[in-house]
> 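Got a structure for you, written out below as structure tokens; questions coming shortly.
Within every chain, numbering begins at 1; the chains are lettered A, B, ... in the order of the sequence lines, protein sequences first and strands thereafter.
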Amino acid sequence: MAAVGSAKVALQVAEVLETIVSCCVGPEGRQVLCTKPTGEVLISRDGGCLLEALHLEHPIARMVVACVSSHLRKTGDGAKTFIIFLCHLLRGLHTITDKEQDSLISKNIQTYRRHWKNCCQWKFISQALLTFQTQILDYIMDHYLSKHFLSIFSSSTKERTLCRSSLELLLEAYFCGRVGRNNHNFISQLMCNYFFKCMACESGFEEVFDLVDDYFVELNVGVTGLPVSDSRIVAGLVLHRDFSVYCPADGDIRIVIVTETIQPLFSTSGSEFILNSEAQFQTSQFWIMGRTKAIMTHLQSQNVKLLLSSVKQPELVIYYAGLNGISVVECLSPEEVSLIQRIMGLSPFVLPQASSQYEICNTALVKFCKPLILRSKRYVHLGLISTCSFIPHCIVLCGPVQGLVEQHENALHGAFKMLRQLFKDLDLNYMIQTSEQNHTSSPLTCKNSRESNPLPESVNGLIQRPYQGTIVKNKGKLAKTQTYLKVYSNLVDPSIELETYTPCSTPKVISADTYQTDETLRCLSPTKTSIIDDNEPFIESNSANSTAENTRIEISYENLQVTKIAGRGNILPVRDKSLEMCSSQSYYCSTLPAGCVLPVGGNFEILLHYYLLNYARKCQQSEETMVSMIIANALLGIPQILYKSKKGKDSFSQIYIRTLHALQTNQPIVSSQTGLESVAGKYQLLTSVLQCLTKILTIDLVINIKRQPQEMYDQDSEEEI
Amino acid sequence: MSRLEAKKPSLCKSEPLTNERVRATLCVLKGILTSSYGPSGRLKQVHNGLGGCVCTTSQSSALLSNLPVTHPILKILTTSMQNHVSCFSDCGLFTALLCCNLIENVQRLGLTPATVIKLNQHLLRLCTSYLKSESCACRVLVDFSSPQRLLCLVRSIVTSKPACMLTREETDHISALVLRAFLLTIPENAKDRLVLGKSIIVPLKGQRVLDSTVFPGILIEVSEVQLMKILPIKKSDAFKVALFCASLSGDLSDTGDGTVVVSSRVSLENAVLEQLLNLGRQLVSDRVDLVMCQKVIHPSLKQFLSVHRVIAVDRVGAALMEPLSKVTGTQPIGSLGSISPSSYGSVKDLCPAKFGFKHFLHLIPNEATICSLLLCNRNDTAWDELKLTCQTALHVLQLTIKEPYVLLGGGCTETHLAAYIRHKTCNEPESMLKDDGCTQTELQLITEAFCSALESVAGSLEHDGGEVLTDMKYGHFWSAQTESPSVVHWPDLLSRCGCGLYNSQEELRWSFLKTTRHPFAPQTCLPHEATGSTNNLILDCFTAKLSGLQVAVETANLILDLSYIIEDKN
């Protein structure tokens, strides 16, 4: 079985990566030093950076790294968790397949195992994973997890306003995992201040995120040789170059942007200039000078005091600019130009064809324009007047070495990416099965399973959970409209109260159905295991008659807005509608509203673990159960590492028991951690890992070729000739 | 077409600091730095076996830039120090030594990096807030009305660089010159914002150090032949100056992307030359006395100008352009066409000068903040060292004008700070322990490591096998030459403390720096009259030392926090 080989190799690879990565994860994580062949030294705790720096050779490893980096491009966070989670998933799969082999040897083939033997193909597992990722995960997120979510917005008002204290908590938790432990407080404060300084009004924060993320390089200046604590925020825009000529000016300063040389040249490309006499040459030179002078004088008459140029201007232009009291900054990068244009709404100045007098319309005002000296290097400092919801500010990042400055830069950029992601709504699509025949069939299958085999031992039996009663309690929980979750922070503001709203009890109707079956299940066996599904898998049957029965329900956006403003649970109206349909299978599209967060410290993982186990107990198909179990157990790997160094009351098992107990007794979960993390990020991480795992499992054989890669485009070029 | 090659996998090492080799190399580096520290530091001769000149130095900037290190940890350490030096010029060795000592001391303890870093950060905060507070007893306010304290500061810097090979008399001379050069760069009528001028260091090797001088204005080096052509300079009360940044060599400017077709009978050279001569005519008719050009002046134009008694100096170079435009008050001219009369400048006087074997043209300004420091020393290596020293001193003076404080030098600040921290953490540990679950023992251990790191930096000042001590009242640093440590009467052996503030005739008790002693509260709040009376204090730059302290602790924290090193072997 070549495929088994690939999974095994993947596990080996993942385990090696895990040992490296797990020392950097979480608030207790340490730093890694990466050297480049050029001699540069980079300090990093960023998982993506480390994986790239390792230059892994094995093809599977390279695939994993590629998956991680594509995930990072999207979300900017979660590389280390990715590896840890993947490793635990592979480990889980490994133990299951081992067991399966044992059973083959012992020839003790029972119903469940016979089934397992039949369907334990890697491809099958990967398909199940895909099903899980596309359907079950969203369902669980929407139905169970969403009631625990907190919002980053202060929910009392009607508008979506950012709550500063919760943003601080979110950022602090983020930087805990990204920068050295003596700096994360400082950097997260810096970022928070920066963000609130840049925001013109409460509502326009999305634009700020987009702009800062797009132009992050232009908006920060790195300075080496100073302590980190000297980093600061400066108002206005700092251009990474010096004035070509600087004429001090006070008051409002009018600026223009040019993208071509102001001095006319003898010939433009594609044209020919024929010189017939020396006099002609001198006249044309004279004309060029005169024209340059005229343009510059005209600019001065229009009160222009600053000329920004994306190209190098000839000395003549600089000279006349100086004479006319116009400061010049040359060689701006295209990004800088487009940033200035975006902030000020200013388009480049087009040189007039005729030398007649004309009005320059493309000018704008800046408040000040002066040189800024940072560590004996000179920069141009502009006080741009913004026309959008972004008030320009720059971050000056200091650090003793370039590597550290870069680390902070990357972390800040990643944080903006993460926030940008957080403030986007996340669509969840899933199906709910409420078909009649399933209802009838499930007791039967359950009977079978009871006869066949007790619980599959994939649950690693950490804690014996009292299974009875949970479902009833779930019902009660749903009936409850609101749960307040208090986060006790011993930080700046000890009384931050984050509110969460659970969905109202409306879903009771669907739930009622499933719960009934669950209850019967429970009566039959306390260990409702997998169902032996003799028919083809559920998806396929579904696709066969999808057009006939299925109703797809789209939520109108306005509807969603309403719920959001109310601050209530998110998908209620939709659910009401769908319940009325009561078809056998229905698609749901719902949305995880922007700004959903959970307390850090493995809360998301433990919650999802809990609900997945519950779900696994309920579901009828064996592979679904198996996959849910594996994922549920793998999820625990992350909090285990986070609490590795803690002892006593804060150790992982204690926290785990406490959380589960709280969930079962329907009490608010009290977290010892103060930070927050984005739910959307976690969700995307989970889906990325599952996709990566599916990819790994579908590989059948790795073919190793030891030859120089062939030029792919060689043939094409020959054909062209 | 680039050759495609598979990348080699990187090398990944865990827990780099526990490696024996790393420790050994760190130890060697520390040895090099320790032995170079201070006025009596030993000189290092760095020479590259593959060529280049030999460098004799004891300065961190020269030492670290010439010393190639390969291990990534050392690279972090040395680049951190070099970055510090390029920001502040001073206190490089202090920073590097403190960082090495901290790493070494903390490593011995075997505590988790998390605790160490947290507590180090706390102690650093304690230090910086004390140094910035009014009650700080090792900080002195600088009074700019009397140059005495500034002179002390400059002299401390010059004496701490033994590779300059200066005698006492030469040291005094150079210190005074540097201070004068600095004072010349301060504008006389400063408005709301003070913009300092520039001191240009002019090299003159092979002369006596005492021949060094400082002039207001600019010295432009010219060859003897050139000078003969210029002489005699006609006398007038002001000289009109034109300063060109455009080339006057007659080359064609950028003609654009298209093609320029020139008929065979047309000579562009002539056309351009004609243009240049027209320019010359305009200069002559505008009564310009001196034409200077950043680039080359065409010989014909030069000839034309000299016929009309206009002095022409070309190839001035980009570095001198800014000072020249400041001295003459002109705007560099970028046009070969008509020159606006407003772009001419003037100098008060223009005279030839000869120093040693070099000829100069001396531009004396009416009023400007530019001066030239003509620096002499006997040989190349000593001159290089002296030049670095003078630059450091000038930079330190600039930093001091921004933040008008100096710190007591000679090791006294370090020992005093150590005493203060010991006392603080011993008496008020609660304030530091309350927010991050560290135990009191851990705090005590880290405090001891931190303080002894500071003290051993001070102890590194002593190279001749003497005893290093600290007094139990002020917490200052003392050193004494003694044959047997059993001598008990210290006041006879000691004369003054490291910075020269206190003498041994007071009723003081001393203790060896290396031994453990009971924490005591060093006397805070330096009285003003205490520093006023003493003339020869050893002083350090406040800004540089404060930042050096922070950088050292931050770098040490960074290195202690490393858990893996990934080396890219491509």
> Rounded to the nearest 0.5 Å, what separates atom CD in B/Q121 from atom CZ in A/R181?
11.5 Å

> Tell me, side chain or backbone of A/Q402 under 4.5 Å from chain B's heavy atoms, or both, or neither?
backbone

> Contact part of B/Q275 toward chain A, heavy-atom cut-off under 4.5 Å: side chain, backbone, both or neither?
both

> Within a reach of under 6.0 Å around NZ of B/K295, are more than 12 heavy atoms found that belong to other residues, nucleotides or ligands?
yes

> So which part of B/L560 gets closer than 4.5 Å to some heavy atom of chain A, the side chain, the backbone, both or neither?
backbone

> Could you tell me whether a side-chain N or O of B/E554 sits under 3.5 Å from a main-chain N or O of A/V228, the two making a donor and an acceptor?
yes

> side-chain contact (heavy atoms from CB on, under 4.5 Å) between B/I76 and A/L33: does it pass, once the steps are laid out?
CA-CA 9 Å; B/I76 283 275; A/L33 194 70; 3.7 Å; yes

> Among B/S340, B/A552, B/G548, which residue has the highest count of heavy-atom pairs closer than 4.5 Å to chain A?
B/S340

> Give a yes or no on whether the backbone of B/S267 and the side-chain of A/E278 come within a donor-acceptor separation of less than 3.5 Å.
yes

> Measuring heavy-atom distances to chain B, does A/Y320 have an atom under 4.5 Å in its side chain, in its backbone, in both, or in neither?
side chain

> Kindly compute the distance separating CZ (A/F286) from CG (B/L336), expressed to the nearest 0.5 Å.
12.5 Å

> Would you mind telling me which of A/V41, A/T292, A/N182 has the largest number of heavy-atom pairs within less than 4.5 Å of chain B?
A/N182

> Salt bridge check, A/R30 against B/E15: does any charged N sit closer than 4.0 Å to a carboxylate O?
yes

> Check whether A/I43 gets within reach of chain B through its side chain, its backbone, both or neither, counting any heavy atom under 4.5 Å.
side chain

> For chain A, which candidate among B/S14, B/P16, B/A246 shows the most heavy-atom pairs at distances under 4.5 Å?
B/A246

> Drop me the distance from B/T259's OG1 to A/E272's CD, to the nearest 0.5 angstrom.
4.0 Å

> Check for a donor-acceptor pair, side chain of B/S10 on one end and backbone N or O of A/A53 on the other, with a separation under 3.5 Å.
yes

> Which atoms of B/P72 come close to chain A, meaning under 4.5 Å heavy atom to heavy atom: side chain ones, backbone ones, both, or neither?
both

> Just so I understand: if I count every heavy-atom pair under 4.5 Å between each of B/S563, B/S547, B/C12, B/C245 and chain A, which residue has the most?
B/S563

> Taking the side chain as C-beta and beyond, is there a heavy-atom pair between B/I566 and A/L54 under 4.5 Å?
yes

> Which heavy atom of A/G225 sits nearest to which heavy atom of B/V551, and what is that distance?
O-CG2, 3.8 Å

> Could you give the distance from CZ (B/F244) to CD (A/E315), rounded to the nearest 0.5 Å?
11.5 Å

> Please indicate whether B/K75 has more than 12 foreign heavy atoms, meaning atoms of other residues, nucleotides or ligands, lying under 6.0 Å from its NZ.
yes

> Take B/V266 and A/F281 through the side-chain contact (heavy atoms from CB on, under 4.5 Å) test and state the conclusion after the steps.
CA-CA 9 Å; B/V266 179; A/F281 172 74; 5.7 Å; no

> Examine whether an atom of A/V245 lies under 4.5 Å from a heavy atom of chain B, and if so say whether it belongs to the side chain, the backbone or both; otherwise answer neither.
side chain

> A/I288 versus chain B, heavy atoms under 4.5 Å apart: side chain, backbone, both or neither?
neither

> Sort A/L42 into side chain, backbone, both or neither according to what part of it lies under 4.5 angstrom from a heavy atom of chain B.
neither

> Does a side chain donor of either A/T35 or B/D568 reach within less than 3.5 Å of an acceptor in the other side chain?
no

> Do side-chain atoms of B/S263 reach the backbone of A/L275 as a donor and acceptor pair under 3.5 angstrom?
yes

> Without swapping roles, check the side chain of B/R265 against the backbone of A/S277 for a donor-acceptor pair under 3.5 Å.
no

> Where is the tightest heavy-atom contact between A/E57 and B/P9, given as atom of each residue plus distance?
OE1-CG, 3.7 Å

> Is it true that atom CD of B/E322 has more than 12 heavy atoms of other residues, nucleotides or ligands lying nearer than 6.0 Å?
no

> Donor-acceptor pair, B/N83 side chain versus A/P400 backbone, under 3.5 Å?
yes

> Between B/S343 and A/Y319, is there a side-chain donor-acceptor contact under 3.5 Å, judged purely by atom types and distance?
yes

> Name the option with the most non-hydrogen atom pairs under 4.5 Å to chain A; the candidates are B/I565, B/L268, B/L562, B/T70.
B/L562

> Taking atom OG of B/S335 and atom CE of A/M289, what is their separation to the nearest 0.5 Å?
5.0 Å

> Using a cut-off of under 4.5 Å for heavy-atom pairs, which of B/T555, B/I117, B/I559 has the most such pairs with chain A?
B/I117

> Side chain from CB out, backbone as N, CA, C, O: work out which of these in A/S229 comes under 4.5 Å of a heavy atom of chain B, or both, or neither.
both

> Any side-chain heavy atom of B/L558 sitting closer than 4.5 Å to one from A/V401?
yes

> Does either side chain, that of A/Q282 or that of B/E274, offer a donor lying less than 3.5 Å from an acceptor on the other one?
no

> Among A/T261, A/L404, A/L226, A/N276, who wins on heavy-atom pairs under 4.5 Å with chain B?
A/N276

> Checking B/I339 against chain A: side chain, backbone, both or neither under 4.5 Å from a heavy atom?
both

> Just wondering, do B/Y564 and A/L50 contact through their side chains at under 4.5 Å, heavy atoms?
no

